[in-house]
Chemist: 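Pasting in a structure now, in structure tokens, and then I'll have a few things to ask.
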Amino acid sequence: MSDFRLKVLLEVKKHLNFSKASEALFITQPAVSKHIKTLEDELGVQLFERTKQGVKLTLEGEKYSAFAEEILNLYEEGKFVMNQVNNKYEGTLKIGASTTIAQYILPKILAQFASQHKGIEITLFNNNTEEIENLLIQKKIDVGFIEGVSGKPQLKYAEIGKDELVCTVSTNHHLAEKNSCTIEDILQFPWVFREQGSGSLDILNIYLKQSGVSKKDIHTEAYLGSTESIKSYLKVSDCIGFVSVYSITDEIIAGKLKILDIDNLEMLRSFYSVELHGSLKNIPNLFLKFLSNNIK
């Protein structure tokens with residue numbers, strides 16, 4: 001029995017649509033139908049029920065797809081073990097990372113990893129913490145890297161590094177000449193925030209609450225979808241923003257942005273890897289070990 005037919009089965013199960021499965025597998029829709037029909041004939045059962053709305057798994061299809069997933073996982077595990085003999089790995093690595101990690105930390109590490117493992121095809125998805133967790137639960141990525149812990153019971157979290165959110169303004173800002181500021185100083189100006197669902201926003205809200213600052217105390221001018229957007233906004237406005245210290249090295253050197261030291265306010269946070277409970281697949285696990293040895 002061809003293992004590719006099992007891949008077709010799982011792809012149709014994922015999309016419940018033959019056409020979408022064919023696009024994902026880079027084969028024609030008739031080829032998908034033929035693989036499923038051949039598999040059904042070999043097993044002597046109907047795996048999918050065809051309806052006007054599309055397809056849905058039969059009870060037999062649900063049961064067999066669990067075995068199909070296990071078979072393919074064992075196949076990949078065996079292949080991985082054989083590759084270890086020659087220290088040569090082949091396969092795919094699908095990573096999801098929240099914005100700060102995806103833009104400012106992972107690219108260098110991924111480049112180093114790829115140079116040592118040229119047979120591994122890497123895909124990096126960039127989204128906020130909430131969406132990365134959802135992608136992981138939906139099994140669309142192998143492992144995630146996020147800036148906060150929501151505590152979803154399906155997921156396992158492990159700290160991989162530290163970061164600091166810093167109060168940032170344009171070098172032309174009214175407060176830029178001050179050596180240090182108070183919270184009262186920065187509350188006199190409008191603020192820009194990351195979007196709802198962002199790990200950065202969650203951490204910022206926690207620290208502000210601890211400092212006695214409520215939402216009604218802040219003049220919110222905008223919610224922006226990325227750190228890059230916030231930096232660009234700050235350069236041409238009189239706003240206050242909070243971004244990762246990792247993200248503004250170039251702007252500080254170029255004299256475009258400045259970090260304000262705020263009295264009695266230090267916003268430290270941790271970066272986490274996140275995965276589904278259970279055994280992590282071999283290639284993602286290989287990358288996690290590499291990351292732990294190379295992250296600063």
Chemist: Please determine whether a side-chain nitrogen of the Lys or Arg among Glu69 and Lys139 lies less than 4.0 Å from a carboxylate oxygen of the Asp or Glu.
Modeler: yes
Chemist: Hydrophobic clusters here meaning ILVMFWY residues chained together by side-chain heavy-atom distances under 4.5 Å, can you tell me if Leu257 and Leu204 are in one?
Modeler: no
Chemist: Just by modelled atom types, is the Leu155 backbone N or O under 3.5 Å from a matching donor or acceptor in the His277 side chain?
Modeler: yes
Chemist: Answer with yes or no whether the side chains of Lys152 and Gln154 bring together a donor and an acceptor at under 3.5 Å.
Modeler: no
Chemist: Could you check whether atom NZ of Lys235 has more than 12 heavy atoms from other residues, nucleotides or ligands sitting under 6.0 Å from it?
Modeler: yes
Chemist: Just how far is it from atom CG of Leu47 to atom NZ of Lys13, taken to the nearest 0.5 Å?
Modeler: 11.5 Å
Chemist: Got a sec: does the CD of Glu177 have more than 12 other heavy atoms crowding it under 6.0 Å?
Modeler: no
Chemist: Would Thr92 and Glu121 count as a side chain to side chain donor-acceptor pair (under 3.5 Å) here? Give the steps.
Modeler: CA-CA 5 Å; Thr92 61; Glu121 180 182 289; over 6 Å; no
Chemist: Same hydrophobic cluster for Tyr246 and Leu106, using side-chain heavy-atom links shorter than 4.5 Å among ILVMFWY?
Modeler: yes
Chemist: Please check this pair: side chain of Asn294 against backbone of Phe290, looking for a donor-acceptor N/O pair closer than 3.5 Å.
Modeler: yes
Chemist: Indicate whether the side chain of Ser98 and that of Glu147 have a donor and an acceptor atom separated by less than 3.5 Å.
Modeler: yes
Chemist: Would you check, one step at a time, whether the test side chain to side chain contact (heavy atoms under 4.5 Å, CB included) holds for Thr227 with Thr100?
Modeler: CA-CA 7 Å; Thr227 299; Thr100 300; 4.0 Å; yes
Chemist: Going through the distances and angles, do Thr28 and Ser22 end up as a side chain to side chain contact (heavy atoms under 4.5 Å, CB included)?
Modeler: CA-CA 5 Å; Thr28 65; Ser22 70; 5.8 Å; no
Chemist: Give the cluster check for Leu165 versus Tyr223: same hydrophobic cluster or not, with ILVMFWY residues linked at side-chain heavy-atom distances below 4.5 Å.
Modeler: yes
Chemist: Would you call the rings of Phe287 and Phe113 parallel, tilted or perpendicular if under 30° counts as parallel and over 60° as perpendicular?
Modeler: perpendicular
Chemist: Do the side-chain N and O atoms of Thr99 and Arg194 include a donor-acceptor pair separated by under 3.5 angstrom?
Modeler: yes
Chemist: Counting only heavy atoms from other residues, nucleotides and ligands, does the tally under 6.0 Å from CG of Asn264 exceed 12?
Modeler: no
Chemist: Any ion pair linking Lys20 and Glu11 (charged N to carboxylate O, less than 4.0 Å)?
Modeler: no
Chemist: Under 3.5 Å, is there a donor-acceptor pair linking the side chains of Ser232 and Ser229?
Modeler: no
Chemist: Taking atom types as modelled, is there a side-chain donor on Glu228 or Tyr233 under 3.5 Å from an acceptor on the other?
Modeler: no
Chemist: Are Leu175 and Trp191 linked, directly or through intermediate hydrophobic residues, by side-chain heavy-atom contacts shorter than 4.5 Å (ILVMFWY only)?
Modeler: yes
Chemist: Could you go step by step and tell me if Asp238 and His174 meet the side chain to side chain contact (heavy atoms under 4.5 Å, CB included) rule?
Modeler: CA-CA 8 Å; Asp238 210 27; His174 291 82; 3.0 Å; yes
Chemist: Looking at residues at least two apart in the chain, or sitting in another chain, which of them share a ring pair (Phe, Tyr, Trp, His ring centres under 6.0 Å) with Phe125?
Modeler: none
Chemist: Judged by modelled atom types alone, do Lys162 and Ser270 share a side-chain donor-acceptor pair under 3.5 Å?
Modeler: yes
Chemist: Could you please spell out the steps behind the side chain to side chain donor-acceptor pair (under 3.5 Å) verdict for Asp163 and Ser244?
Modeler: CA-CA 7 Å; Asp163 184 28; Ser244 166; 2.9 Å; yes
Chemist: Can you find a heavy atom in the side chain of Leu93 that is under 4.5 Å from one in the side chain of Thr123?
Modeler: no
Chemist: Compute the centroid of each ring, for Phe4 and then for His35, and state whether the two points are separated by less than 6.0 Å.
Modeler: yes
Chemist: Is there a side-chain contact between Glu275 and Leu288, using heavy atoms and a 4.5 Å cut-off?
Modeler: yes
Chemist: If you count heavy atoms of other groups shown closer than 6.0 angstrom to CD of Glu70, is the number above 12?
Modeler: no
Chemist: Could you check Val45 against Glu40 for side chain to side chain contact (heavy atoms under 4.5 Å, CB included), going step by step and ending with a plain yes or no?
Modeler: CA-CA 5 Å; Val45 298; Glu40 289 177 329; 5.9 Å; no
Chemist: If you draw a 6.0 Å radius around CD in Glu164, do more than 12 non-hydrogen atoms from other residues or ligands fall strictly inside?
Modeler: yes
Chemist: State the OG1-CD1 distance between Thr249 and Ile253, to the nearest 0.5 angstrom.
Modeler: 6.5 Å
Chemist: What do the steps show when you test Asp41 against Thr38 for side chain to side chain donor-acceptor pair (under 3.5 Å), and what is the final call?
Modeler: CA-CA 5 Å; Asp41 289 344; Thr38 301; 5.7 Å; no
Chemist: Is it the case that one hydrophobic cluster holds both Phe145 and Ile109, taking links as side-chain heavy atoms less than 4.5 Å apart, direct or via other members?
Modeler: yes
Chemist: Answer yes or no: are there more than 12 heavy-atom neighbours, outside Lys94 itself, under 6.0 Å from its atom NZ?
Modeler: no
Chemist: Are the side chains of Val169 and Phe189 in touch, meaning some heavy atoms are under 4.5 Å apart?
Modeler: no
Chemist: Just by distance, with hydrogens left out, do Arg269 and Ser200 show a side-chain donor and acceptor under 3.5 Å apart?
Modeler: yes
Chemist: With a 4.0 Å cut-off, would you call Glu42 and Arg5 a salt bridge?
Modeler: yes
